[in-house]
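Take a look at the structure below.
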There are 2 protein chains.
Amino acid sequence: MSEIFSDAYFMKLALAEGQKAFDAGEVPVGAIVVANNKIIGKGHNLTEKLNDVTAHAEMQAITAAANFIGAKYLIDCTLYVTLEPCVMCAGALFWSQVSKVVYGAADEKRGYGKYGLLLHPQTKIVSGVMADECSLLLKEFFKQLRQT
Amino acid sequence: MSEIFSDAYFMKLALAEGQKAFDAGEVPVGAIVVANNKIIGKGHNLTEKLNDVTAHAEMQAITAAANFIGAKYLIDCTLYVTLEPCVMCAGALFWSQVSKVVYGAADEKRGYGKYGLLLHPQTKIVSGVMADECSLLLKEFFKQLRQT
């Protein structure tokens, strides 16, 4: 397999999803689900537009991927997300049995990490991929928010 | 306010939602969201029908209630659910800032409780309401499942 399909390659695509959230005035988090190097689900944060706290990027990417494959378990799939998942999304990822989760920026305040192992024990976790770029998008959003 | 609107009264209505899941061959969990003694959202587990691990009863009740009131926060609302919420649903309830969560049967294996305080610190939690009835519905489901 070519090196082109690296975690950074797919994180860039998750970042592109995050940019869509940014452009829509949403907290900019993006996620994609990849199987066999193909995107089978994607999503960006839509909590404001949908008035729905459950409309996180990961939740939508999980639902879209399951819909695409016609099955609810995301075995042999990888979820890329620009920000460390929250407890809700970690819980959803647990149920999905996704094989690998790759996230960019850490979320010390709302990330799942401080609550222990909430993901499935079979799920491989990779953190810090393009963390600076992922973090910058969030910082820029909140900077603009403070200025409005 | 009349005693008629007790936690048990509303849990019976959540159980009726759970029965719908049972009848549809889904793990029988039901949830409702109540504001001012009126149901503003309800849901039952649909993970099999929708092929979606995120389609828990609470998630759908939260989304429905937020849609009903046109706002994403469920302040001054109570969520009734027949089974102790999982980590995913506890995370969603945290984000919703729901004022009170009432659940029936405990879920020692998948309940959020063992992970510490995942709900919002302002959320009041009541457990064990009609626990036997809620548990019986689940036991009956898994008993039938083993026989098929």
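Quick caveat, the model's predicted, so the values are computed rather than measured. Protein chains get the first letters and strands the later ones, always in sequence-line order, with residue 1 at the start of each. All values below were derived from every heavy atom in this structure, side-chain atoms included, with hydrogens, water molecules and symmetry-related copies excluded.
The closest side-chain heavy-atom distance from B:T54 to A:W95 is not below 4.5 Å. Inter-residue side-chain proximity for B:K72 and A:D52 is flagged as unmet; no heavy-atom pair is nearer than 4.5 Å. In this structure, the side chains of B:M88 and A:F94 stay at 4.5 Å or more apart for every pair of heavy atoms. The closest side-chain heavy-atom distance from A:N51 to B:N67 is not below 4.5 Å.
Cluster annotation: B:I69 is connected to B:L79 through the hydrophobic network of ILVMFWY side chains, with a link wherever side-chain heavy atoms come within less than 4.5 Å. Under the 4.5 Å side-chain heavy-atom criterion for grouping Ile, Leu, Val, Met, Phe, Trp and Tyr, A:L119 is connected to B:Y115 within one hydrophobic cluster. Under the 4.5 Å side-chain heavy-atom criterion for ILVMFWY residues, a single connected hydrophobic cluster contains both A:I40 and A:L13.
In terms of heavy-atom pairs under 4.5 angstrom with chain A, the leader among B:G116, B:A65, B:C86 is B:C86. Most heavy-atom pairs under 4.5 Å with chain A: of the set B:V53, B:I62, B:T47, B:L74, this distinction falls to B:V53.
For a residue to count as touching a neighbouring chain, one of its non-hydrogen atoms must lie under 4.5 Å from one of that chain's; by this rule B:L117 touches chain A with the backbone only. Contact of A:A71 with chain B is made through the backbone alone, with heavy-atom distances under 4.5 Å.
No more than 12 heavy atoms of other residues, nucleotides or ligands sit less than 6.0 Å from atom CG of B:N36. More than 12 non-hydrogen atoms from other residues, nucleotides or ligands lie less than 6.0 angstrom from NZ of A:K114. More than 12 heavy-atom neighbours from other residues, nucleotides or ligands sit within 6.0 angstrom of NZ on A:K100.
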